[in-house]
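Inspection log for the structure reproduced underneath, given as structure tokens.
Position 1 is the first residue of the sequence; numbering continues from there.
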Amino acid sequence: MALLTSLYENPLLQNIISWYLVLFGVALPVLLIFWLIGLKGFVELTKYEKGTTFLYKVNPITKIAFGIVVMIVASVTIWWIGALLTLTILPLYLTLNNGLKKFGYVVMLTISSLVGSTWAIAPYTPPYILQQVFPNQQPIVVWVWPSYFSAMGYVPDLTLQALIYGVQTAFRVTATLVAALLLVVTTSVSDLFRSFTKIKVPLAITFSLMVGFKTIPKIFELLDTSIKMQMLRGLGYGKPRVIRTFYLIYGGIMAIVPTMVYLFRGAKSLAISADTRAFRAYQSRTLYKEPPITKYDYIMFGVIISLIILAIVTNMVGFGRSIPYVGL
């Protein structure tokens with residue numbers, strides 16, 4: 001600690017290290033995404049592929065209910081239950097098509113989310129919240145920001161308790177993230193539409209969600225294609241490999257406009273297609289095939305009920321938490 005104290009008491013070193021830490025919190029998640037996941041990885045994690053394993057056979061509504069319950073349980077219980085949920089759901093990706101590849105991508109995305117969320121929460125958490133979370137602990141200062149950082153909302157002292165609090169809160173995000181992506185990669189747009197129609201979700205909402213499901217993987221595919229075309233034209237050619245990532249980021253920024261133009265053109269075609277099929281001309285749609293409730297759904301119902309019971313029991317024995325996430 002004496003070494004850290006000597007570093008942040010020197011104004012020059014304090015400024016250099018502070019900006020390095022800020023860039024670390026912003027850049028590391030981005031670099032993890034570009035180096036280890038890439039746009040191909042995001043396509044893998046957002047695009048449906050037909051499969052035959054357990055999760056592909058579960059009704060979409062059951063999977064939506066599972067995701068909502070995971071989010072609620074992670075929000076109202078102690079942080080390590082969110083961490084356990086994250087670690088429990090992650091291996092399910094191994095059962096999907098290209099399971100090992102998807103598992104690797106989602107692990108990297110989870111680590112990236114943990115780092116990004118922790119760094120987005122810890123520097124901004126005020127001392128009075130940390131006093132509620134760690135009532136019997138003396139704050140351990142690990143870094144002191146320059147005074148002008150307060151203009152960005154930073155609390156002057158970064159404490160060990162603030163970092164721990166950031167990690168605890170981040171695990172609540174990761175549990176919801178990995179559960180939601182399971183729905184995306186195992187459910188076709190058609191099945192989701194049928195399920196929403198079956199439970200009488202308004203057509204306008206259903207249509208918006210369908211467009212989102214269809215468009216997200218398309219965005220990553222278009223960005224990937226556009227970046228590759230820029231690289232073929234010579235972007236970053238002959239430059240050192242170590243700075244190639246920054247050229248990829250630059251290429252990604254330059255790819256936004258052509259991607260948006262292509263999507264807008266696609267939106268026009270989608271609107272024409274919906275009109276020609278008399279979409280919203282009637283209050284409801286008829287279905288040739290209704291999504292069935294199978295034995296796999298009953299298994300998932302058991303899991304969902306178990307999670308609800310877990311949330312109730314943990315709250316009754318004193319392990320429930322609410323915003324702000326107070327307590328260990």
Side-chain angles (χ1 to χ4, degrees), residues 1 4 7-8 14-37 41-42 45 70-90 103-135 137-146 149-181 245 249 319-328:
M1 296 304 294
L4 286 174
L7 290 175
Y8 62 68
Q14 184 192 35
N15 276 280
I16 293 173
I17 296 175
S18 294
W19 279 107
Y20 172 80
L21 292 174
V22 170
L23 293 175
F24 168 82
V26 175
L28 183 62
V30 174
L31 292 178
L32 277 175
I33 288 171
F34 272 88
W35 279 343
L36 302 176
I37 302 177
F42 275 103
L45 292 176
V70 167
M71 180 182 66
I72 293 173
V73 172
S75 301
V76 302
T77 57
I78 196 167
W79 72 272
W80 49 260
I81 290 181
L84 286 175
L85 284 173
T86 303
L87 297 175
T88 304
I89 295 172
L90 281 176
F103 177 75
Y105 286 142
V106 78
V107 167
M108 289 300 110
L109 185 61
T110 302
I111 295 173
S112 174
S113 300
L114 269 175
V115 174
S117 299
T118 301
W119 214 234
I121 294 168
Y124 301 100
T125 306
Y128 73 88
I129 289 182
L130 296 177
Q131 288 173 1
Q132 296 177 53
V133 179
F134 308 98
Q137 294 186 23
Q138 190 68 25
I140 300 174
V141 177
V142 295
W143 191 249
V144 177
W145 305 106
F149 268 46
S150 60
M152 298 188 293
Y154 278 49
V155 175
D157 296 341
L158 178 65
T159 63
L160 179 62
Q161 286 78 9
L163 291 171
I164 295 172
Y165 179 72
V167 173
Q168 293 177 354
T169 309
F171 269 119
R172 294 174 163 95
V173 177
T174 57
T176 307
L177 175 68
V178 295
L181 285 177
T245 302
I249 295 173
F319 289 123
R321 299 293 178 262
S322 59
I323 298 174
Y325 298 113
V326 177
L328 291 173

If I take atom [atom1] from residue [X] and atom [atom2] from residue [Y], how far apart are they, to the nearest 0.5 angstrom?
| X | Y | atom1 | atom2 | result |
| --- | --- | --- | --- | --- |
| T159 | F134 | OG1 | CZ | 8.0 Å |
| T77 | L85 | OG1 | CG | 7.0 Å |
| L114 | W119 | CG | CH2 | 14.0 Å |
| I129 | Y165 | CD1 | OH | 5.0 Å |
| F171 | T176 | CZ | OG1 | 13.0 Å |
| L158 | T125 | CG | OG1 | 9.5 Å |

With a 4.5 Å cut-off on side-chain heavy atoms, are [Y] and [X] touching?
| X | Y | value |
| --- | --- | --- |
| V106 | L90 | yes |
| Y128 | Q132 | yes |
| I164 | Q168 | yes |
| D157 | V144 | yes |

On a heavy-atom basis, which atom in [X] and which in [Y] lie closest, and how many Å separate them?
| X | Y | result |
| --- | --- | --- |
| A170 | S117 | CB-CB, 3.5 Å |
| L84 | T88 | O-OG1, 2.6 Å |
| A179 | I89 | CB-CD1, 4.1 Å |
| P123 | T118 | CD-O, 4.2 Å |
| I140 | Q161 | N-OE1, 3.0 Å |

Any donor-acceptor N/O pair, R172 side chain to A74 backbone, under 3.5 Å
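Such a contact is found between R172 side chain and A74 backbone.
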
Verify, without hydrogens or angle tests, whether S113 (side chain) and L109 (backbone) share a donor-acceptor contact under 3.5 angstrom.
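Yes: the side chain of S113 pairs with the backbone of L109.
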
Just one of W19, Y154, Y124 clears the ring-ring contact (aromatic ring centres under 6.0 Å, His included) bar with W145, so which one?
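The single option meeting the ring-ring contact (aromatic ring centres under 6.0 Å, His included) with W145 is Y154.
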
